[in-house]
There are 2 protein chains.
Amino acid sequence: MEAGAAAPEPPSVRQQAVLDAVLALMVEGGDQLTMDAVARRASCSKETLYKWYGDRDGLLTATVRWQASRVHAGREAVQTLDGTTLREHLQDFAVSWLTVITSRTSVALNRIAVAHAGSRKSNLGGIVLANGRFAIGERVKPVLEAGRAAGLLAFADSESAFRTFFGLVGRDIQIRLLLGEALDLDADEIRRDADRAVDQFLALYGQANT
Amino acid sequence: MEAGAAAPEPPSVRQQAVLDAVLALMVEGGDQLTMDAVARRASCSKETLYKWYGDRDGLLTATVRWQASRVHAGREAVQTLDGTTLREHLQDFAVSWLTVITSRTSVALNRIAVAHAGSRKSNLGGIVLANGRFAIGERVKPVLEAGRAAGLLAFADSESAFRTFFGLVGRDIQIRLLLGEALDLDADEIRRDADRAVDQFLALYGQANT
DNA sequence: TATCGAGCGTACCGTACGGTACGGTACTGG
DNA sequence: CCAGTACCGTACCGTACGGTACGCTCGATA
């Protein structure tokens, strides 16, 4: 998947404030995301907005990238891997993924990106995919492969195994949220959900010694 | 989930043609879905559109319901259920669900509904959920329960079991499509995917005699 | 044949919003 | 103290689109 032209330069503090204003407006309801509203909320002039971001799409793109840059956790290398640490890693991934996709910000952002994917031009959808679904895939797959190398997991294709993991974790959550269902999970429910998903994944792909 | 006021009366043939025009325009790109474009495409006057559907939202709502009315397959009763027929039933569900969510029409419609869910008012999202995710849930759960009654499956909560099935079938397909990835599956891939999902589901919930 | 309603096509209105222009202000460097 | 820069606030422009009004045709009914 093409992420669509690398980010040019990191936003200044003032620019970050503007992008946060955009995020806030997104969360408050997708339809009030006008350039006027952004300028008012961020206490800046529209002219500045256009100077910094070119046009509305540029502003949206910068916002998506800004949010993505905050979500990325560092990818720590996996060295020792026994049944317990593998399980912990997977649980961490599941919890953080569920936390992300159930957050108001993510829901709002994904709504914008999905809507944008309908009308071509400037693919926010691609950026969101690259920084969401694909980014976590690239982080999980090494763990799965390390698990296989340690004899803890068995699968032929790590991509396919990851997709199953993804499905077991997310189930119907994301589409229900995107379509407007209330359904807010607290940290406990997320943890239980993650536990269940990891249990099921290990039941499918785990070797005896887990 | 509230479906949002039952459908008033079935559309006339002429009205169906109008709604099909709306669907066609949705598929061609979400942004050209203007009342003018619909009137032109359907060879009718805007005044008629407003007379029949009240306003733009009414037209969209009618379109979503119209599409939903076409997707609903009859729910046949489940009587005899052995391991083979259970598997067949689940495979049928998986195939038809994958076929639906990968169809251009469904993607376009879901995009509209998701976008609409951002700005409150007239929840298309609720209607889509009710006729998609929840409708299939209500059709699958009786089968799961029959499978449990026949000693073929083991689970405590059929809703939860269904959600796992849903996740195993859909995985990341829907979100990737909604976010604009190309990814078109042909009938063969769908069938293989459905097979895999059913295998995995039975591995998790099946009793020995499957 | 006269009347009537349904509906097509087109013209029109109001407004919201993307984008631009411009005056005013504060800070920076010489 | 002056020039330059960056930016705020506001006014402005053009257009696209939701919604309305109106004249016309056509088929049905008496």
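Order of the sequence lines fixes the chain letters, A, B, ..., with proteins taken first and strands second; residue numbering starts at 1 for each chain.
Rounding to whole angstrom units, OH of residue Tyr53(B) and P of dG18(D) are separated by 16 Å. Per the geometry, CG belonging to Leu59(B) stands 13 Å off C1' belonging to dG19(D), to the nearest Å. Atoms CG (Asp31(B)) and P (dA16(D)) sit 13 Å apart, rounded to a whole Å. Between the CZ atom of Arg56(A) and the P atom of dA16(D) there is a distance of 16 Å, rounded to whole Å. In this structure, Tyr50(B) atom OH and dC17(D) atom P are separated by 12 Å, rounded to whole Å. To the nearest angstrom, P of dT10(D) lies 16 Å from CG of Leu49(A). Atom-to-atom, CE of Met35(A) to P of dA11(D) comes out at 19 Å; the value is rounded to the nearest Å. In this structure, CG of Asp36(A) is placed 11 Å from C1' of dA11(D), rounded to the nearest angstrom.
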side-chain hydrogen bond (donor to acceptor under 3.5 Å, both in side chains) assessment of Ser96(A) paired with Thr99(A)
CA-CA 5 Å; Ser96(A) 73; Thr99(A) 305; over 6 Å; no

Can you check side-chain hydrogen bond (donor to acceptor under 3.5 Å, both in side chains) on Gln200(A) and Tyr205(B), steps first, answer last?
CA-CA 10 Å; Gln200(A) 292 179 325; Tyr205(B) 291 96; 3.0 Å; yes

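Closest to the Cys44(A) side chain, of the nucleotides dG7(C), dG19(D), dC8(D), is dC8(D). Here dC8(D) is the nucleotide among dC8(C), dT20(C), dC8(D) with the atom lying nearest to any side-chain atom of Ser45(A).
In terms of position on DNA chain D, the residue among Lys46(A) and Trp52(A) whose nearest nucleotide sits closer to the 5' end is Trp52(A). Along DNA chain D, the nucleotide nearest Arg40(A) and the nucleotide nearest Lys51(A) are compared for position; the residue whose nucleotide lies closer to the 5' end is Lys51(A).
Note on ring orientation: taking the six-membered ring where Trp is involved, the planes of Trp97(B) and Phe166(B) are tilted (angle from 30° to 60°).
OP1 or OP2 of dC8(C) lies within a sub-4.0 Å distance of a side-chain N or O belonging to Thr48(B).
Arg14(A) comes within contact range of the sugar-phosphate backbone alone, with a heavy-atom separation under 4.0 Å but no base atom that close.
Electrostatic pairing of Asp199(A) and Arg87(A) counts as a salt bridge here, judged by a charged N lying under 4.0 Å from a carboxylate O. Ionic pairing of Asp188(B) and Arg191(B) is present here: one or more N-O contacts between side-chain nitrogen and carboxylate oxygen are shorter than 4.0 angstrom.
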